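Keep in mind it's a predicted model, so treat the numbers as computed, not measured.
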Amino acid sequence: MLEELLTVAAAAGAAGAAYIVAAARVVKQYERGVVFRLGRLYGGVRAPGFTLVVPGVDRLRKVNLQIVTMPVPAQEGITRDNVTVRVDAVVYFKVVDAAAAIVNVEDYRFAVSQMAQTSLRSIIGKSDLDDLLSNREKLNQGLELMIDSPAVGWGVQIDRVEIKDVSLPDTMKRSMARQAEADRERRARIINADAELQASKKLAEAAQQMAETPSALQLRLLQTIVAVAAEKNSTLVLPFPVELLRFLERAQQTGPEHAVEARGEPGGRTPGP
C-alpha cells in the first residue's frame, strides 16, 4: 500500500513538474506578454518576469517595447517647383500598447514602413526644393504628424522622423553651383565697390588737407622716395606734379608775346630806319 502511494505521489510530482515546465514562460524587461486563450484575448498584458500559461490552451505573444530604428527606402518624386528628387529618411518608433499592436494590425512594423513611404512621397510633392534642402526641421515635424496619426490606433508611438539625404540630378547640381558662384561674385564686387568708395572719401579728405597745407605734398613726396629707395631698386620713379607741367606750358605759350611787347614791337615786326 505504501509503495503504491509513493508511486502515485512520484507520478503526480512528475506530472506537476512537466506541467510547470510546459506552462512556464519568461518575459524580459523590455517585453510585454499578450495571452490568447482559445483565440481570444485573455486578461491584461503580462508584466516582465516569470509567468504561467495553460499548455495547449493559452498562447503567449511577446511584444518588444524598445525603440525601433527603421530606414525608409529612398522615394523619388517631383517637388512643388517641378524638380525631380530622391529622398530617404529614418523613423524611430516604439510600441506603447502591446495588445493593440497585436490585435489591431497584422504586422505593425510593415504598416509603419508603408505609411512612412507614402507620407514621404506626399511631403515631397507639397514642398519646394529650398525647403527640402534648408528647412528640414519643419518637414520632419510634418512627416512625424502624418505617420503618427494612423499609428496611434496600432498601439505605436512615433518618436522621431529624420530626412537623411536629398539626391538631386546632375544638371540641377551644376545649376545650383553656378548660382552660388554668381552670388559670391556679386557679393565680392559689392564689397570691392564699398572699399573703393571709402578709399575715395579718405583720399578726398587727404587732398583737401594737402591743399590747405602745400608743404604736406612735399613731405608726402619725400616719404614716397624713402619707401621706394628702401627696396634697393636700380630704377627710381619720381612723381611729377601735373600743376608744374601746366605752369611750364603756359609759360611757353606766353613767353614770345611778352618778349615782343618788351621791345615795343607788336606783331613781331622790326621797324624801319
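For Arg189 and Glu185, the salt-bridge test passes: some basic side-chain N is under 4.0 Å from an acidic carboxylate O.
Between atom CD of residue Gln75 and atom CZ of residue Arg86 there is a gap of 8.0 Å, rounded to the nearest 0.5 Å. Between the CG atom in Leu143 and the CE atom in Met146 there is a gap of 7.0 Å [rounded to 0.5 Å]. Atom CZ of Arg80 and atom NZ of Lys126 lie 10.5 Å apart (nearest 0.5 Å). Annotation: the span from Ser167 atom OG to Leu132 atom CG amounts to 11.5 Å, rounded to 0.5 Å.
Counting heavy atoms from C-beta outward, Tyr92 and Thr69 have side chains that approach closer than 4.5 Å. Between Thr79 and Ile124 the shortest side-chain heavy-atom distance falls below 4.5 Å. Counting heavy atoms from C-beta outward, Met176 and Leu133 have side chains that approach closer than 4.5 Å.
Under the 3.5 Å distance criterion, the side-chain polar atoms of Asp58 are left unmatched by any main-chain donor or acceptor of Val35. Formation of a donor-acceptor pair under 3.5 Å by the Asp148 side chain with backbone atoms of Glu144 is not found in this model. With hydrogens and angles ignored, the 3.5 Å screen pairs no side-chain donor or acceptor of Asp128 with any backbone N or O of Asp130.
A continuous path of hydrophobic side-chain contacts links Val34 to Val103 [ILVMFWY only; heavy atoms under 4.5 Å].
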Inset, instruction - Take Arg187 and Asp183, measure what side chain to side chain contact (heavy atoms under 4.5 Å, CB included) needs, and give me the verdict at the end. - result: CA-CA 6 Å; Arg187 286 183 290 177; Asp183 184 65; 3.4 Å; yes
